[in-house]
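So the structure is just underneath, and the comments pick up after that.
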Protein chains: 2
Amino acid sequence: MKNGRHIRIKDIAEKAGCSIGTVDRVIHNRGKVAEPVRQRILRIIKELDYKPNVNARVLASKQALTLGILLPSYKKGEYWELPCLGISEAMERYNEQGYNIEARWFTYNSPEKFHQAGMKMITDEIDGIILNPATYKESVRLVRSFFQNNKPFILIDSDIHGTPSLSFIGKDPVQSGLTVAKLIHQLTRHITGNKSVWIINLSIPSNQNYALLAREIGFMSYFADKQLRDDYSFQSIDMDDTGTQKVVDEQIGKLLATGNPHAIYVTGSRVHNIADSLKKFKPDPKPLLIGHDLIHKNMERVKDETIDFLIEEEARRQGYLAVESMIRSLTYKEVIQKKQMMNLMIYTRENLPL
Amino acid sequence: MKNGRHIRIKDIAEKAGCSIGTVDRVIHNRGKVAEPVRQRILRIIKELDYKPNVNARVLASKQALTLGILLPSYKKGEYWELPCLGISEAMERYNEQGYNIEARWFTYNSPEKFHQAGMKMITDEIDGIILNPATYKESVRLVRSFFQNNKPFILIDSDIHGTPSLSFIGKDPVQSGLTVAKLIHQLTRHITGNKSVWIINLSIPSNQNYALLAREIGFMSYFADKQLRDDYSFQSIDMDDTGTQKVVDEQIGKLLATGNPHAIYVTGSRVHNIADSLKKFKPDPKPLLIGHDLIHKNMERVKDETIDFLIEEEARRQGYLAVESMIRSLTYKEVIQKKQMMNLMIYTRENLPL
DNA sequence: TTGTACGCGTTATCAA
DNA sequence: TTGATAACGCGTACAA
């Protein structure tokens, strides 16, 4: 009302005939307010559609937050670097804006380490947790402890349905699979005769398997729904990721000896390994190659068209949003969307970013 | 750590042995500071890597800004609604954050109206201008006036090379064309014999023609570079957009009588008109249909797979970034990136957002 | 249970 | 050319 600007706590206090202290108490539920006064103030807040001034709030509030980040360990250039970049970016941005936020990083490469690190976050004075649930069983155990200790947490990249998380931020792996299937179908439909497709699950043993499986399920269901089973023959290949190109080469070599597929779908983020094998063996005609994630090595293979298409689900943005959501929830008690699904991008040589 | 976190103007003042008023003057170039003092303060700012506290700044600043938005007039559901949504979103967001910003909207449907509205923005007290340059000649005239009157402006959606704008926010139409070409090539390459492709320029006469042309150029150059000219035959079709489906139907009907193309590329945002024609005439086999922009009617045709792929360049985000960039430039004198290119998205039924 | 007063970092005004 | 000081809206400790 003043100068047509926003309404302040002071305006509410005036209208309610009390002091700003009292208004503040009802806004923050700090109790100790006479019930009738409380009701009146709440009504006025609704009536005037009061919205707190974020800037003043941050400026006045001296609270320091520490967030716990619990993610799989990774080497430079691997998938998890991307969400981490988003996390760092958000931290930096919010700190520059006068917030006082610190991140404490925890990584794991085994279910035991995962659980250990998780429990440490509870004993340490951590205000909010951002984690990627590794294996189902361990994650449920951990999440239960978070809940009991009243630690708010956000799930990132893959979900555990039904957990009392503030939010899940990630992707729909079934949709990913469907999209890849659509691409492969459209790109091979004019090939005469039966089309052979390899689905390669190249991943670290017993890690992240759920998402890869879900992708494969989405992939298969596309062909099932469209009654295309007779036109295609599929071969699912589980390949352990030992991290060395040589092992991949060996396996691909053996497979190629049995015949040359029309298309290859790699469900994990390590298509570049398969691409490198193809560059070595040069099968002719070159199979269509599709995979996931905008990591550096994959992009290089897209540039030279060994990889034809890359799917990605805004990995970096996931990290950014996780931090942002946690801060909003912690500092303003803002209610966060229960599910924040990323968009699904299709990249090829011509529309690669950068 | 608690108080030692960020450095404030006060810290600089102490170190420089002057008052915060003086520091403020050098930061904001309000002149009237003794040169040696000025140098000393600047050095200390660099040394301590001072970053202003955004919250305090917004809180204390009483300045009110009005932005002028100069865009083509549009009906609901048309392309320009998307950038406008982004603009509104940004306005809302920044106003909620305590900024005091007002938008004044101007639209045009002819070069004369465009110029008129532009000149009015100069006489009115407008602090910054966001505009889409309609025709080249008129735009250059207008931009010259902006420059002479010291009005900062941002170009949105399509560029005029070399203008002294704060920033250009938009897309690379040549890249769009290349991407569509890649898709059509890959999706038709296994068809035997010569493949026929229509390129339809369906647009309001003499409006936005430059971007559509650039897309077509990108499109053609893909096939030229790849030495594919002999495998494909192209037909460029200029179709006036009268806004009625009937006229489109007539023209498509005539064209189909001469033969059934393998693929159709519609360079504007009105693929849905072509899609509706195809639904009516049911050419068999159905040509591959690719177009631009996530407007409602297009998305409907993607859902029923009349349109196979849709390209879009983050239309909504363009509007958002334009407002954000202008505010940053105006309030903090921040230097804005000269070119902010949007990502190029590929959408099909399976990865359509929402 | 309620009210008051100070501080957060910056802008802007006025007096020196 | 400079310095002191009152806002800005909110959080909070302390007084009543």
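Chain letters run A, B, ... following the sequence lines, proteins first and then strands; every chain starts at 1.
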* Asked: With under 30° as parallel and over 60° as perpendicular, where do the rings of B:Tyr108 and B:Phe114 fit, or are they tilted in between?
  -> perpendicular

* Structure fact -> Contacts of A:Arg43 meeting side-chain contact (heavy atoms from CB on, under 4.5 Å) (sequence neighbours excluded), chain-then-number -> A:Glu47

* salt bridge (Lys or Arg N to Asp or Glu O under 4.0 Å) partners for A:Glu89, two or more places apart -> A:Arg316

* Assess the side chains of B:Tyr99 and A:Asn55: does a donor N or O sit below 3.5 Å from an acceptor N or O? => no

* **Minimum heavy-atom distance between A:Thr123 and A:Lys120, given as atom pair plus value** => OG1-O, 3.0 Å

* Structure fact -> A:Glu35 CD to C:dT2 C1', in whole Å, measures 16 Å

* Taking the side chain of B:Leu59 as its heavy atoms from C-beta onward, which of D:dA4, C:dG9, C:dT2 lies nearest to it? -> C:dG9

* Determine, for B:Arg93 against B:Glu96, whether the closest basic-nitrogen to carboxylate-oxygen distance falls under 4.0 angstrom. => no

* **Partner set under salt bridge (Lys or Arg N to Asp or Glu O under 4.0 Å) for A:Glu125, not counting sequence neighbours** => none

* **Distance in angstrom units between B:His6 NE2 and C:dG7 P, rounded** => 21 Å

* Rounded distance (Å) that lies between atom P of D:dG9 and atom CG of B:Asn95 -> 14 Å

* **Rounded distance (Å) that lies between atom P of C:dC8 and atom OH of A:Tyr99** => 19 Å

* Sequence-aligned protein contact record of nucleotides 10-16 of chain C, with B where the base is within under 4.0 Å of a protein heavy atom and S where only the sugar-phosphate is -> BSS----

* Name all residues meeting the side-chain hydrogen bond (donor to acceptor under 3.5 Å, both in side chains) criterion together with A:Arg317; count only those two or more places apart in sequence or in a different chain, and write none if there are none. => A:Glu314

* Looking at five pairs on each end of the helix from C:dT1-D:dA16 to C:dA16-D:dT1, what is the angle between the two axes, given to 10 degrees? -> 50°

* To do: Could you check whether A:Val58 gets within reach of a base, just the sugar-phosphate, or nothing at all, counting any heavy atom under 4.0 Å?
  => nothing

* Does B:Thr22 make a side-chain N or O approach to OP1 or OP2 of D:dG3 shorter than 4.0 Å? -> yes

